[in-house]
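Throughout, protein chains are lettered first and strands after them, A, B, ... in sequence-line order, and every chain is numbered starting at 1.
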Amino acid sequence: MDKLILIDGNNIIYRAFFAMPPLTNTAGKPTNAVYGFTTMLLRLIEEQKPTHMIVAFDAGKVTFRHEGYQEYKGGREKTPPELSEQFPMLKELLRDLGVPQFEIGSYEADDIIGTISREADEQGRQVLIVSGDKDMLQLASEHTTIALIRKGVTEVEIYGPEQIREKYNLTPEQIIDLKGLMGDASDNIPGVPGVGEKTALKLLHQFGSVEGVLAGTSELKGKMKEKLEAHAEDAVMSKKLATIHREVPLEHTWEDMVFTGLNKDTAGPALAKLEFKSLLERLSLSANGPAGTGAEGDSTPEAELDITIIDEANLDELLTKLPGISALHVETNGDNPHRSEVIGLALSSEERHYFVPISLLKSPAADQLRAWLSDETTPKSGYDLHRADLALHWQGIPFAGAAHDVQLAAYLLDPTEANQNLNDLTAKYGLPHLSADEDVFGKGAKYKIPELEVLGTHVARKSATVLGIVQKQQQELIDTAMKGLFEDLEMPLSRILADMEKQGIAAHKEDLMELGKEFEWQISKLVTEIYEICGTEFNLNSPKQLGEILFVKLGLPVVKKTKTGYSTDAEVLEKLAPYHDVVRLILQYRTIAKLQSTYVEGLLKEISPVTGKVHTFYRQTIAATGRLSSQFPNLQNIPIRLEEGRKIRKVFVPSEPGWSILAADYSQIELRVLAHISDDERLKEAFLQDMDIHTKTAMDVFGVTADQVDSNMRRSAKAVNFGIVYGISDYGLSQNLNITRKEASHFIEQYFEVFQGVRRYMDDIVVEAKKKGYVTTLLERRRYLPEINASNFNLRSFAERTAMNTPIQGTAADIIKLAMVHMDKALFDRQLKSRMLLQVHDELVFEVPADELELMKTLLPEVMEGALKLSVPLKAEVSYGSNWYEAK
DNA sequence: CTCCTCACG
DNA sequence: ACGTACGTGAGGAGA
């Protein structure tokens with residue numbers, strides 16, 4: 001079956017340009033857009049296996065659309081020169097890859113694609129259109145689907161007529177009417193002012209088309225009617241502009257579009273010229289011309305590896321080879337490493353790969369192998385060694401000697417790239433593809449461990465992959481100045497986290513159940529009362545049903561809407577409370593129900609029957625800022641702000657009699673970090689004198705003395721301080737303080753008048769991010785912000801706030817991680833029995849024996865405060881008690 | 001599997 | 001004109 005792919009060249013290269021971090025060849029020429037385009041193209045070829053393909057480009061500046069409307073695409077920002085110069089590079093590359101390309105004077109890529117897809121349609125051929133432009137949806141048909149590129153160039157949504165109906169309840173043809181009514185700012189198509197997507201959809205569902213709407217205005221009234229009548233011509237013209245021209249005079253034949261695979265003779269040299277080494281390797285092409293094997297632009301075939309499945313008979317052979325082994329992979333099932341089982345262990349040396357099934361690994365015959373596994377002087381690389389350590393631990397197999405964790409390194413190299421599994425990394429580093437775990441094991445209920453041969457081969461390929469990545473990552477870490485961060489902070493921390501998690505924190509089950517009974521009783525009382533007042537029973541946990549009761553039955557005013565209906569969140573309910581007594585009760589119900597389901601029932605399920613403790617799992621590779629996250633259960637969001645919830649903390653107790661819970665938290669760490677990196681004199685002054693920072697801010701912003709600061713002024717100052725850390729916007733502050741945007745903006749202005757160093761930092765960091773494409777923390781942790789130069793206001797603003805926030809939040813994360821490493825060493829050096837149990841972003845929790853309490857009360861804050869030397873002091877406040885609640 | 005809501009720093 | 005505060009994880013509802 002023939003399959004034709006039509007690619008909107010201009011659109012994709014644009015998106016690739018803004019989605020990719022800046023990337024240049026050794027001569028300093030930007031190549032990022034070409035690179036992004038090419039990776040997408042190769043993936044398409046691999047996944048779709050097209051028999052025909054073209055890339056269409058816009059030709060020239062003036063198209064037939066300008067004849068009727070000169071302002072078409074007016075007001076658009078000029079194409080950045082860094083992108084312009086990549087067009088010829090891309091066209092040359094496509095030629096060398098053997099991918100046909102089309103452009104024709106005075107028409108746009110859309111029109112070429114529209115014309116070819118019409119012809120293909122008429123001949124019943126299968127077509128896939130690739131673009132980021134929603135307008136393309138008008139071309140969908142029985143045989144034609146559209147792959148809409150969403151985020152960056154990696155995610156696509158596939159649309160056929162069916163999906164368009166589901167999403168908009170429109171036919172593909174009506175997409176044109178939609179744009180006719182709503183216009184398109186980026187193309188300078190006016191549409192009807194005041195009509196956005198929502199209104200346009202409503203009108204089209206009622207009248208069917210632009211013409212239908214204009215003919216039917218008599219059925220409408222008010223502003224809407226006026227607007228439509230006044231702008232009838234605009235609507236008609238906009239529709240015309242949005243219509244893809246499907247009769248372009250093209251002189252082409254079906255044969256001109258044939259694609260039989262990459263041109264092996266020229267593809268290699270072309271990619272080499274652009275210095276796309278990873279793509280060269282991925283395609284196993286050589287820079288000098290035709291390559292030996294498997295270069296169809298298809299996935300690199302799975303490598304032929306020398307794999308030995310180990311049993312008792314050949315175990316000795318493996319043991320002799322151990323000195324040459326540096327990479328391993330521990331295969332486990334399930335997400336929770338405290339509960340999952342180890343299935344097997346793969347080991348890799350440069351020459352050979354081995355797989356040891358779990359049964360053998362646990363047997364006495366494997367003593368020597370296990371000794372090697374637990375030997376900290378034999379360095380081992382792997383993917384997610386932290387998880388492996390835990391899973392092995394619960395099977396009674398100790399692990400030590402983690403040298404290079406490929407997952408952790410990948411996270412440091414790009415912390416925003418979500419969940420980089422080994423498969424993603426093979427693509428990135430041009431290594432042979434792995435089968436997806438899903439294909440080997442099946443998923444969900446169908447999960448099944450395959451036969452030994454298949455299993456061993458799959459897992460051994462993973463350790464082989466690790467082996468292939470380590471050196472490359474080492475070099476990248478050096479190039480990005482993150483080697484120190486990796487070796488001296490993150491790798492040591494990963495072992496410390498594993499220790500904390502194995503240790504767990506004791507939770508008093510009976511007390512928790514007792515608390516649950518209390519909540520149960522309160523819930524049933526509240527529920528009865530609420531049903532009675534409302535005069536009906538319904539599911540209080542359903543926002544949908546609750547909305548129905550509040551806004552329809554009781555007729556309360558609608559404050560806020562969500563995508564799917566009425567909003568009933570706490571903010572809305574607070575506003576509704578004065579109107580009806582039941583609202584307060586609902587708020588109370590929500591509070592208690594949350595405590596009951598998440599914290600009582602949720603925690604009960606997580607208390608290990610084996611240890612009587614809760615063993616969380618810290619994830620070191622999730623948060624883009626460098627923070628940790630906690631799962632199964634999340635122990636970083638145990639209630640504290642409200643007394644009812646805070647009681648939950650009473651169930652967390654020391655695991656040995658006579659011991660105490662000791663906790664210390666950093667005071668205002670983020671604002672202290674800000675004082676340091678902004679070098680703002682007044683902010684530094686405040687911390688050097690150890691003043692209450694919010695009161696001090698209020699004094700300076702309102703120009704009053706300390707005793708003139710009332711609680712309201714302090715509250716405002718506190719909100720401004722928060723806002724500053726988050727990357728302030730007047731809108732955000734106005735929401736938080738419930739004031740007008742203007743007042744908020746005035747506040748911010750006053751703040752910056754006083755704290756000019758902070759203003760300078762905020763300005764500078766954004767400029768720096770725009771220039772470099774990333775921001776860093778004090779310890780050189782990096783976060784890329786590809787959207788910092790986006791033309792879309794929202795995307796750009798978000799990236800700008802992130803640029804302001806990440807160095808602050810991230811440096812604070814660096815500091816507490818340092819403190820953990822130092823503290824671990826301090827405990828070891830002094831041979832103390834005290835144990836580190838939890839980290840909650842700016843707080844560390846320990847359990848300590850009575851005879852170490854006095855020492856720990858001074859040691860802990862000392863180590864935390866001395867973790868990193870800043871231009872202002874760090875401050876840690878320590879407290880202790882017989883449980884976590886008391887340690888406040 | 002997505003949405004809403006809410007717990008934390 | 002645009003429509004947000006930064007970073008997470010979990011539970012329940014309703015498709």
Side-chain angles (χ1 to χ4, degrees), chain A residues 75 166 183 185-186 193-194 196 415-416 444 538-547 560-573 586-587 590-603 605-606 616-619 622-642 644-646 648-649 665-666 668-670 719-737 741 744 748 783 791-810 812-813 816 838-843:
Chain A
E166 272 168 35
S186 70
T416 40
F538 59 99
N539 187 343
L540 252 176
N541 292 325
S542 160
K544 195 176 164 198
Q545 294 184 31
L546 178 62
K560 191 167 72 172
K561 288 202 142 203
T562 67
K563 260 186 266 176
T564 48
Y566 308 112
S567 171
T568 68
D569 65 23
E571 196 191 319
V572 169
L573 295 182
I586 293 168
L587 279 163
R590 280 259 176 95
T591 306
I592 309 291
K594 172 82 178 178
L595 293 174
Q596 180 74 322
S597 67
T598 304
Y599 296 103
V600 175
E601 289 165 5
L603 273 178
K605 279 185 234 158
E606 297 290 346
T616 187
F617 175 52
Y618 287 106
R619 295 213 288 174
I622 294 297
T625 53
R627 278 188 173 186
L628 300 176
S629 87
S630 154
Q631 255 188 331
F632 314 134
N634 182 351
L635 290 184
Q636 292 183 319
N637 69 348
I638 302 301
I640 190 167
R641 294 173 187 166
L642 300 173
E644 299 110 294
R646 193 171 192 156
I648 299 280
R649 293 183 172 228
D665 66 308
Y666 280 113
Q668 302 299 348
I669 188 168
E670 292 189 335
V720 174
N721 279 331
F722 266 97
I724 291 292
V725 170
Y726 291 156
I728 197 138
S729 74
D730 50 9
Y731 184 86
L733 184 66
S734 73
Q735 289 294 299
N736 193 289
L737 281 177
R741 219 167 120 164
I748 295 168
R783 177 173 182 179
S791 54
N792 178 310
F793 174 88
N794 278 326
L795 291 180
R796 191 177 63 247
S797 304
F798 190 29
E800 288 172 357
R801 290 196 299 274
T802 311
M804 300 184 228
N805 170 266
T806 294
I808 303 173
Q809 193 182 118
I816 194 162
L838 303 176
Q839 188 252 44
V840 194
H841 309 308
D842 65 354
E843 176 187 17

For [X], answer base if it contacts any base atom (sugar-phosphate contacts may also be present), sugar-phosphate if it contacts only those atoms, and nothing otherwise; contact means non-hydrogen atoms under 4.0 Å.
X      : value
A:N539 : sugar-phosphate
A:G723 : base
A:T806 : nothing
A:I638 : sugar-phosphate
A:V840 : sugar-phosphate
A:A624 : sugar-phosphate
A:A593 : nothing
A:Q735 : nothing
A:A803 : nothing
A:R783 : sugar-phosphate
A:I808 : nothing
A:E843 : nothing
A:N736 : base
A:N637 : base

[X] [atom1] to [N] [atom2]: how many Å, rounded?
X      : N     : atom1 : atom2 : value
A:R646 : B:dC8 : CZ    : C1'   : 13 Å
A:L546 : B:dC6 : CG    : P     : 10 Å
A:K561 : B:dC4 : NZ    : C1'   : 15 Å
A:Q636 : B:dC6 : CD    : P     : 21 Å
A:D569 : B:dC3 : CG    : P     : 16 Å
A:Y726 : B:dG9 : OH    : P     : 10 Å
A:Q839 : B:dC8 : CD    : C1'   : 12 Å
A:L573 : B:dC4 : CG    : C1'   : 12 Å

Query raised in the report: Which nucleotide in the set B:dT5, B:dG9, B:dC3 lies at the smallest distance from any side-chain heavy atom of A:T564?
Result: B:dC3
Report task. Determine: side-chain N/O of A:R641 to OP1/OP2 of B:dG9, distance under 4.0 Å, yes or no. Result -> yes
Query raised in the report: Does A:T562 make a side-chain N or O approach to OP1 or OP2 of B:dC3 shorter than 4.0 Å?
Result: no
Can you tell me if [X] uses its side chain to pair, donor with acceptor, with the backbone of [Y] under 3.5 Å?
X      : Y      : result
A:T616 : A:Q631 : yes
A:R741 : A:Y731 : no
A:S630 : A:L635 : yes

Query - Any strand: nucleotide that pairs with C:dA1 via Watson-Crick or wobble, under 3.5 Å - result: none
Query raised in the report: Taking the same atom, C1', in C:dC2 and in B:dC6, what whole-Å distance lies between them?
Result: 29 Å
Report task. With P as the reference atom in both, quote the distance from C:dA5 to B:dT5 in angstrom, rounded to an integer. Result -> 13 Å
Query raised in the report: Where is the tightest heavy-atom contact between A:L838 and A:Y618, given as atom of each residue plus distance?
Result: CA-OH, 3.3 Å
**Report entry** Shortest non-hydrogen contact between A:Q545 and A:N539, atoms and distance
**Finding:** OE1-N, 2.8 Å
Report summary line: Students should find that the nucleotides of DNA chain C closing off the region near chain A, any atom under 4.0 angstrom from a heavy atom, are C:dC2 to C:dA15
Below 4.5 Å, heavy atoms only, C-beta onward: do [X] and [Y] meet side chain to side chain?
X      : Y      : result
A:V600 : A:I648 : yes
A:Q839 : A:H841 : yes
A:N721 : A:Q668 : no

Query raised in the report: Side-chain donor or acceptor of A:K563 under 3.5 Å from a matching atom on the base of B:dC3?
Result: no
Query raised in the report: Should we count CZ of A:F722 as having more than 12 external heavy atoms under 6.0 Å?
Result: no
